[in-house]
Number of protein chains: 2
Amino acid sequence: MSKSKVVELPVLDADAVVPCCPPITAGELSPADAERMAAMFKALSDPVRLRLFSKVASHAGGEACVCDISDVGVSQPTVSHHLKKLKDAGLLTSERRGTWVYYQVAPSVVAAMSAMLDLRS
Amino acid sequence: MSKSKVVELPVLDADAVVPCCPPITAGELSPADAERMAAMFKALSDPVRLRLFSKVASHAGGEACVCDISDVGVSQPTVSHHLKKLKDAGLLTSERRGTWVYYQVAPSVVAAMSAMLDLRS
DNA sequence: GACAGGCATCGACAGATATCGAAACAGGGA
DNA sequence: TCCCTGTTTCGATATCTGTCGATGCCTGTC
């Protein structure tokens, strides 16, 4: 949004880990940093995604099989679509083990978002 | 999105302060909580809004006049539009003082978002 | 090698969103 | 009171997003 630069989700490739962004009180964000952080927040800006994310995060071991979390009231393709978005944003990683695909949270990325919103300064 | 309940931004009226949401690792979010939190994240999911927010947050005293922060590359009505969204989401509050309107961050709401993403548990 | 189950991708559609210019509104000063 | 400046609201439009059914791909099993 905003500029409609066609960047899809320019965030993090796989797990290039977050050089990103001091607490938001520390100074104004550069446009580039804002773009990256906004993409992460956008990933969590949908109720369905937030529930999927919380299901993974709260699951034993910090990871969950798609089959364990896909009961959120939307169709299977939609679940897959949302998981992909979370993955593209760098918030989740995935791994296939035999028949099933497991998603796990990317702790460093989530921690970066949390730290950015930390108003202590 | 997702359910298209026409709720605009059902978040927080003025400053009814966040009864919301334990760390995301603590268990899966209820649909209602997910809806509320998603609305807050959505407010920060736009680069322009994120920059406006960071400008306010990093400004001396945690507040800033619209005239001080409106240089983000979009038209002035658009700035106003985005500030309104941040305000509706409960992340900012505003106050008119004579000619100018000052926006300030709502610390408790931001802290709640940060806490929710805190993976320590 | 054929089949079944789990998951991802594709194509299409309805509803939501960002953005802008123009116009309305509010305060302050002459 | 009138005008000027700063800010918000309104109406129109192009774009994006969430959702679904159908389909394709990969794995394990028979």
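Hydrogens, waters and symmetry mates are skipped; everything else that's a heavy atom, side chains included, is used. In the text below, chain A, chain B and the rest are named by the order of the sequence lines, each starting its count at 1. Note that this is a predicted model, so its numbers are computed, not measured.
Straight-line distance from the CG atom of Leu83(A) to the P atom of dG6(C): 16 Å, rounded to whole Å. Between the P atom of dC16(D) and the NE2 atom of His82(A) lies a distance of 18 Å, rounded to the nearest Å. Atom pair Lys84(B):NZ and dT17(C):P shows a separation of 13 Å (rounding to whole Å applied). Rounded to an integer number of Å, the gap from CG of Asp88(B) to P of dA18(C) is 12 Å. One interatomic measurement links the two molecules: CG of Leu52(A) to P of dC7(C), which rounds to 13 Å at whole-angstrom precision. Taking atom OH of residue Tyr103(A) and atom C1' of nucleotide dG6(C), one finds them 12 Å apart after rounding to whole Å. Straight-line distance from the CD atom of Gln76(A) to the C1' atom of dC20(D): 11 Å, rounded to whole Å. Atom NZ in Lys87(A) sits roughly 13 Å away from atom P in dC7(C) (whole-Å rounding).
Judged by distance alone, with hydrogens and angles left aside, the side-chain atoms of Ser54(A) form a donor-acceptor pair with the main-chain N or O of Arg51(A) at under 3.5 Å. When atom types are taken as modelled, the side chain of Arg96(A) and the backbone of Gly98(A) share a donor-acceptor pair closer than 3.5 angstrom.
For Val74(A), whose side chain is taken as the heavy atoms from C-beta onward, the closest listed nucleotide among dT7(D), dG21(D), dT19(D) is dT19(D). Between dG27(C), dT9(C), dT19(D), one nucleotide has an atom nearer to the side chain of Arg96(B) than all others, and that is dG27(C). Here the side chain of Val66(B) is nearest to one of dC7(C), dT7(D), dA18(C), namely dT7(D).
Nucleic acid contact class of Ser80(B) (heavy atoms, under 4.0 Å, all strands): base. Using a 4.0 Å heavy-atom distance criterion, Thr78(A) is classed as a base contact. Note on Arg97(B): nothing from the nucleic acid sits closer than 4.0 angstrom, heavy atoms only. Residue Tyr102(A) is classed as having no contact, given no heavy-atom separation below 4.0 Å to the nucleic acid.
Nearest heavy-atom pair across Ala89(A) and Ala39(A) is CB-O, 4.3 Å.
In this structure, Leu44(A) CG and Met37(B) CE are separated by 9.0 Å, a value rounded to the nearest 0.5 Å.
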Verify salt bridge (charged side-chain N to carboxylate O under 4.0 Å, His left out) between Asp88(A) and Lys85(A), making sure each step is shown before the conclusion.
CA-CA 5 Å; Asp88(A) 287 347; Lys85(A) 285 214 160 181; over 6 Å; no
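Comparing Arg49(A) and Thr99(A), the nucleotide of DNA chain D nearest to each residue sits closer to the 5' end for Arg49(A).
Helical stems of DNA chain C (runs of at least 3 Watson-Crick or G-U pairs, donor-acceptor distances under 3.5 Å) are listed by first residue: C:1-30 with D:1-30.
Contact annotation: His81(B) side-chain N/O to dT8(D) OP1/OP2 distance is not under 4.0 Å. For dT17(D), the OP1/OP2 oxygens have a side-chain nitrogen or oxygen of Lys42(A) closer than 4.0 Å.
Side chains of Ser80(A) and Leu83(A) form no contact here, defined as non-hydrogen atoms less than 4.5 Å apart.
For Arg97(A) and Tyr102(A), the positive end sits near the middle of the six-membered ring, less than 6.0 Å away and at most 45° from its axis.
Side chains of Thr25(B) and Ser58(A): a donor-acceptor N/O pair is absent below 3.5 angstrom, by distance only.
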